[in-house]
Amino acid sequence: MAQLIATSGDITRLTVDAIVNAANTSLLGGGGVDGAIHRAAGPELLGACEKLDGCSTGDAKATSGFRIPARWIFHAVGPVWRGGGHNEDELLASCYRRCLELAREHNARSIAFPAISTGVYGFPMKRAAEIALKTVRENVEASGVERVEFVCFNEETLSIYEQLLARD
Ligand code: APR
């Protein structure tokens with residue numbers, strides 16, 4: 001049974017097999033966690049991303065971790081929140097599913113997720129956390145991943161994840 005935990009801190013410093021980036025469709029970097037990961041991984045990451053030819057919303061693509069401790073970075077593109085009537089829930093769930101598929105393909109046994117789409121993209125935090133946990137629970141056993149860390153960047157996010165993890 002995989003271990004699911006909520007933690008806080010800087011995702012770029014985690015010694016896990018894979019960290020997930022909350023990227024955009026260009027995969028050419030940005031602010032938020034995307035910016036932090038590119039800064040920490042170094043310029044070679046941008047070079048690797050340029051070869052990936054972008055990424056669709058709801059999908060994810062893998063690169064090496066370069067200068068960060070994680071072996072892999074899975075760049076997931078979450079939906080922009082537009083009120084909930086534009087398939088946002090399914091597109092967000094797809095990001096988590098695709099990252100677990102990449103984990104299986106790359107033999108990653110530990111993975112750390114940021115709260116995809118809940119920053120710049122405006123997805124309501126609790127709704128996003130519920131989707132994240134439900135999707136991971138449904139797909140983690142098939143992925144071979146043994147440890148999933150939900151890295152929270154602020155107290156609000158951490159308390160939401162801790163409540164949801166304790167509830168089920
Ligand atoms: N480390 C860990 N988590 C972070 C960091 C960081 N340095 N910075 C932000 N976060 C958290 C936010 O608090 C939020 O909970 O990551 C979560 C995702 O927020 P964003 O990084 O803003 O990502 P998202 O909402 O998915 O928007 C993606 O923002 O940075 C651009 O290029 C990115 O266009 C894309 C968009």
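Whatever order the structure lists ligands and atoms in, that order sets their numbers, starting from 1.
- A side-chain hydrogen bond (donor to acceptor under 3.5 Å, both in side chains) with Asn21 holds for exactly one of His38, His75, Lys61; it is His75.
- Listed by number with element, the atoms of ligand 1 under 4.0 angstrom from any heavy atom of Asn24 are 32 (O), 33 (C), 34 (O), 35 (C).
- Taking every heavy atom of Asp34 and a limit of under 4.0 angstrom, the matching atoms of ligand 1 come to 30 (O), 32 (O), 33 (C).
- Of the charged side-chain nitrogens involved, at least one lies within less than 4.0 Å of a carboxylate oxygen, so that Arg98 and Asp59 count as a salt-bridged pair.
- Given atom 25 (O) of ligand 1, the protein heavy atom at minimum distance is Gly119 N, 2.8 Å.
- Between the side chain of Glu88 and the backbone N or O of Arg82 there is at least one donor-acceptor pair closer than 3.5 Å.
- Atoms of ligand 1 found under 4.0 Å from any heavy atom of Gly30 (numbered from 1 in listed order, with element): 30 (O), 32 (O).
- Of all atoms in ligand 1, numbered sequentially from 1 with element shown, those under 4.0 Å from a heavy atom of Thr118 are 14 (C), 15 (O), 17 (C), 25 (O).
- Both Leu100 and Leu133 belong to a common hydrophobic cluster when Ile, Leu, Val, Met, Phe, Trp and Tyr are linked at side-chain heavy-atom distances under 4.5 angstrom.
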For this session: Take Asp89 and Arg127 through the test side-chain contact (heavy atoms from CB on, under 4.5 Å) and record every step on the way to the result.
Result: CA-CA 8 Å; Asp89 288 3; Arg127 186 178 177 132; 3.0 Å; yes

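- Numbered from 1 in the order shown, with element, the atoms of ligand 1 that lie under 4.0 Å from a heavy atom of Ala22 read 23 (O), 26 (O), 28 (C), 33 (C).
- Of the N or O atoms in Gly122, none lie within a sub-3.5 Å distance of an N or O in ligand 1.
- Those atoms of ligand 1 that come under 4.0 Å of a heavy atom in Gly31, given as number and element, are 30 (O), 31 (C).
- Among all non-hydrogen protein atoms, the one lying nearest atom 21 (O) of ligand 1 is Val33 N, 2.8 Å.
- In this structure a side-chain-to-backbone donor-acceptor pair under 3.5 Å is present from Thr135 to Ile131.
- Closest protein heavy atom to atom 36 (C) of ligand 1: Tyr121 CE1, 3.4 Å.
- With respect to atom 22 (O) of ligand 1, the closest heavy atom belonging to the protein is Val120 N, 2.9 Å.
- With a 4.0 Å cut-off on non-hydrogen atoms, Ala36 touches ligand 1 through its side chain and not its backbone.
- Ligand 1 has at least one atom lying under 4.0 Å from a heavy atom of Ser117.
- Under a 4.0 Å N-O distance rule, the pair Lys134/Glu130 does not qualify as a salt bridge.
- At the top of the distance list for atom 17 (C) of ligand 1, counting protein heavy atoms only, stands Ala115 O, 3.3 Å.
- Scanning the protein heavy atoms around atom 6 (C) of ligand 1, the nearest turns out to be Phe153 CE1, 3.3 Å.
- Transitive grouping of hydrophobic side chains (ILVMFWY, heavy atoms separated by less than 4.5 Å) brings Phe74 and Tyr96 into a common cluster.
- Between Arg97 and Glu101, none of the side-chain N atoms (NZ, or NE/NH1/NH2) sits under 4.0 Å from a carboxylate O, so this pair counts as no salt bridge.
- Under the 30°/60° scheme for interplanar angles, the aromatic rings of Tyr161 and Phe150 are found to lie parallel.
- Between the side chain of Asn24 and the backbone N or O of Gly29 there is at least one donor-acceptor pair closer than 3.5 Å.
- Ligand 1 has no nitrogen or oxygen under 3.5 angstrom from a nitrogen or oxygen of Met125.
- In terms of polar-atom proximity, Gly35 is not counted as a contact of ligand 1, lacking any N or O under 3.5 Å from an N or O of the ligand.
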